[in-house]
Amino acid sequence: MREPAVLFVCLGNICRSPLAEAAFRAEASRVGLEVEIDSAGTGDWHVGHAPDRRAQAVARRHGIDIAHYRARQVCAADFHRFTHVVAMDGENLRLLRRLRPADARAELSLLLDHVAGRAGESVADPYYGDAEGFDLTWADVSAGAAALVHTLRA
Ligand code: 4NP
């Protein structure tokens with residue numbers, strides 16, 4: 001696995017983490033950062049599913065097609081494969097801390113920890129809200145992606 005290698009994690013892997021993956025891919029590509037990128041969910045309800053239609057729509061509005069992404073569940077091997085495992089919210093992070101094998105290399109963080117002045121903040125779960133919630137999700141994951149790319153280049 002190439003280094004750095006970044007895994008974005010939320011609950012279902014159909015809303016927030018696929019959008020974080022998409023925003024981070026776009027930003028890494030824009031600045032020429034060589035990095036392995038994936039996303040996963042802590043839950044297994046949506047394994048094999050495409051992203052939520054509202055997530056696909058907001059990505060498309062920003063010029064990115066995520067229709068081919070497929071949800072998967074995070075597993076122990078991910079903590080060895082990835083150098084950075086980046087949670088969307090505090091609940092995801094607590095679960096990842098429990099799943100992380102003691103000898104794993106992955107550093108755990110919240111996505112918004114990387115944004116100046118927003119450490120400890122969660123990307124709100126938009127799943128049960130309306131379509132506008134996904135615009136806020138996009139704004140948050142874009143800010144997080146840009147900040148994380150900046151950190152990894154430094
Ligand atoms: P995500 O959103 O964690 O951002 O992918 C959710 C997707 C599905 C569910 C909850 C949150 N769900 O309860 O099925």
Side-chain angles (χ1 to χ4, degrees), residues 4-29 35-101 104 106-115 117-152:
V6 181
L7 180 69
F8 296 98
V9 178
C10 63
L11 179 59
N13 193 210
I14 56 167
C15 299
R16 292 166 293 174
S17 60
L19 290 174
E21 176 183 346
F24 187 79
R25 280 188 188 284
E27 181 64 11
S29 159
V35 55
E36 202 72 38
I37 309 167
D38 198 6
S39 65
T42 59
D44 66 358
W45 312 282
H46 298 284
V47 168
H49 295 181
D52 185 284
R53 289 183 175 283
R54 298 163 296 175
Q56 293 190 39
V58 75
R60 205 178 307 117
R61 284 202 292 282
H62 292 276
I64 303 171
D65 179 8
I66 61 168
H68 58 289
Y69 288 14
R70 292 294 176 267
R72 74 170 181 88
Q73 190 173 26
V74 69
C75 63
D78 286 324
F79 298 91
H80 296 287
R81 279 179 64 198
F82 293 91
T83 55
H84 297 75
V85 175
V86 182
M88 296 302 114
D89 69 31
E91 191 56 40
N92 308 147
L93 183 61
R94 269 188 291 282
L95 202 89
L96 291 170
R97 285 202 180 110
R98 289 209 296 274
L99 289 175
R100 183 183 181 281
E107 282 178 30
L108 306 188
S109 61
L110 286 171
L111 179 63
L112 293 176
D113 283 347
H114 302 281
V115 179
R118 300 194 66 184
E121 284 186 37
S122 291
V123 177
D125 184 348
Y127 185 67
Y128 292 106
D130 55 21
E132 271 132 57
F134 284 75
D135 289 317
L136 179 60
T137 305
W138 181 262
D140 280 351
V141 301
S142 299
L148 184 55
V149 164
H150 185 78
T151 301
L152 293 177

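Remember, it's 1-based here, ligands and their atoms both numbered in the order they're listed.
- For D78 (side chain) and R81 (main-chain N/O), no donor-acceptor pair under 3.5 Å exists by modelled atom type.
- The backbone N or O of P51 lies less than 3.5 Å from a partner atom in the side chain of Q56, making a donor-acceptor pair.
- Taking any N or O of H46, backbone or side chain, at least one lies under 3.5 Å from an N or O belonging to ligand 1.
- Looking at D135 and R61, a side-chain N of the basic residue comes within less than 4.0 Å of a carboxylate O on the acidic one, giving a salt bridge.
- Which parts of ligand 1 touch C15 is read off a 4.0 Å heavy-atom cut-off, strictly below it: atoms 1 (P), 2 (O), 4 (O), 5 (O).
- The shortest separation from a heavy atom of M88 to ligand 1 is not under 4.0 Å, leaving the residue out of contact.
- Ring orientation note: the planes of W138 and H62 are close to parallel, at an angle under 30° on the 30°/60° scale.
- Atom 1 (P) of ligand 1 has C10 SG, 3.5 Å as its closest protein atom, hydrogens excluded (heavy atom only).
- Side-chain contact between F79 and L108 is present, with heavy atoms from C-beta onward closer than 4.5 Å.
- Contacts with ligand 1 closer than 4.0 Å are made by side-chain heavy atoms of D125 only, the backbone lying farther away.
- Any N or O atom pair closer than 3.5 Å counts here, and P126 shares no such pair with ligand 1.
- Ligand 1 places these atoms under 4.0 Å from at least one heavy atom of L11: 3 (O), 10 (C), 11 (C).
- A distance-only check finds no donor-acceptor pair linking the side chain of Q73 to the backbone of G41 [under 3.5 Å].
- Proximity of a side-chain donor or acceptor of R16 to a complementary backbone N or O of V123 within less than 3.5 Å is detected.
- Regarding atom 13 (O) of ligand 1, its nearest protein heavy-atom neighbour is Y128 OH, 3.1 Å.
- From the protein, the heavy atom lying nearest to atom 9 (C) of ligand 1 is Y127 CD2, 3.5 Å.
- The N/O atoms of W45, backbone and side chain alike, include none that comes under 3.5 Å of an N/O atom in ligand 1.
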